[in-house]
Amino acid sequence: MRTDRTFTMLKPDSVEKGHVGAILEKITASGFRIVAMKLTQMTTDDAKTFYEVHSERPFYGELVEYMTRGPIVAAILEKDNAVEDFRTLVGATNPAEAAEGTIRKIYAASIGENAVHGSDSDENAAIEGAFHFSGREMF
Ligand code: IDP
Ligand code: MG
């Protein structure tokens, strides 16, 4: 299992608010190389599958609605220690608890609409990257 790649989505609120360029700049300035990237929209089935681990949580329906309401930017990022370093850059799930300078502190509106996704393990990074990209879309 490689440890130098993670998967991210700039969620619909980031695209709607025009924050894509600024967030990508912050990501690349933090040392991540973009290995794969596209603008895409998840179907309800896609979002239900992607977030299946949360299917019993009270916010699951709201989460699926949010993640499918418009396009996202999906990307695979490369850097040493990618998963952990990207979670640090992203900040806490709830922007009110996120550290200064983190993406969620700057761009997220709430715990639900929190601007970006970052994989939580090397295993999930590989699964989530493969969910969105074929081998020939990864560089
Ligand atoms: P993470 O994105 O920081 O890993 P998770 O706990 O895996 O956070 O939750 C996945 C996503 O579900 C969050 O990024 C957020 O969009 C949404 N979410 C998490 N907790 C809540 C909540 O309490 N209310 C509404 N939405 C939530
Ligand atoms: Mg998570």
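Atoms within a ligand are numbered from 1 in the order they appear, just like the ligands themselves.
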- Item | Candidate pair Asp4 and Arg2, rule salt bridge (charged side-chain N to carboxylate O under 4.0 Å, His left out), full reasoning | CA-CA 6 Å; Asp4 62 344; Arg2 57 193 303 170; 2.8 Å; yes
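- If you run side chain to side chain donor-acceptor pair (under 3.5 Å) between His54 and each of Arg57, Glu52, Glu56, only Arg57 comes through.
- Nearest protein heavy-atom contact of atom 2 (O) of ligand 1 is Arg104 NH2, 3.0 Å.
- Checked by distance only, ligand 1 and Arg87 come closer than 3.5 Å through their nitrogen or oxygen atoms.
- Closest to atom 3 (O) of ligand 1 among all protein heavy atoms lies Thr93 OG1, 2.5 Å.
- At a heavy-atom cutoff of 4.0 Å, ligand 1 is contacted by the side chain of His54 but not by its backbone.
- Both the backbone and the side chain of Ile111 come within 4.0 Å of ligand 1, judged by heavy-atom distances.
- Counting only heavy atoms of the protein, atom 13 (C) of ligand 1 lies nearest to Asn114 ND2, 3.4 Å.
- Protein heavy atom nearest atom 25 (C) of ligand 1, with residue, atom name and distance: Phe59 CB, 3.5 Å.
- Put simply, the side chain of Arg69 reaches to within 4.5 Å of the side chain of Glu16, judged on heavy atoms.
- Residue Lys11 places at least one N or O, backbone or side chain, under 3.5 Å from an N or O of ligand 1.
- Counting protein heavy atoms only, atom 11 (C) of ligand 1 is closest to Leu63 CD1, 4.0 Å.
- Residues Gly129 and Met138 approach most closely at O-CE, 4.1 Å, considering heavy atoms.
- At a threshold of 4.5 Å between non-hydrogen side-chain atoms, the residues Ile72 and Thr40 count as touching.
- Remark: Ile76 CD1 to Phe139 CZ distance equals 10.5 Å, nearest 0.5 Å.
- At a heavy-atom cutoff of 4.0 Å, ligand 1 is contacted by no atom of Arg57, backbone or side chain.
- Taking the six-membered ring for Trp and thresholds of 30 and 60 degrees, His117 and Tyr51 have ring planes more than 60 degrees apart, a perpendicular arrangement.
- Near Glu62, meaning under 4.0 Å from any of its heavy atoms, are these atoms of ligand 1: 25 (C).
- With a 4.0 Å cut-off on non-hydrogen atoms, Met67 does not touch ligand 1 at all.
- By the 4.0 Å N-to-carboxylate-O rule, Lys38 lies close enough to Glu137 to be salt-bridged with it.
- Shortest contact from atom 16 (O) of ligand 1 to any protein heavy atom: Gly112 O, 2.9 Å.
- Residue pairs meeting the salt bridge (charged side-chain N to carboxylate O under 4.0 Å, His left out) criterion with at least one partner in residues 91-104, sequence neighbours excluded, are Glu100-Lys105.
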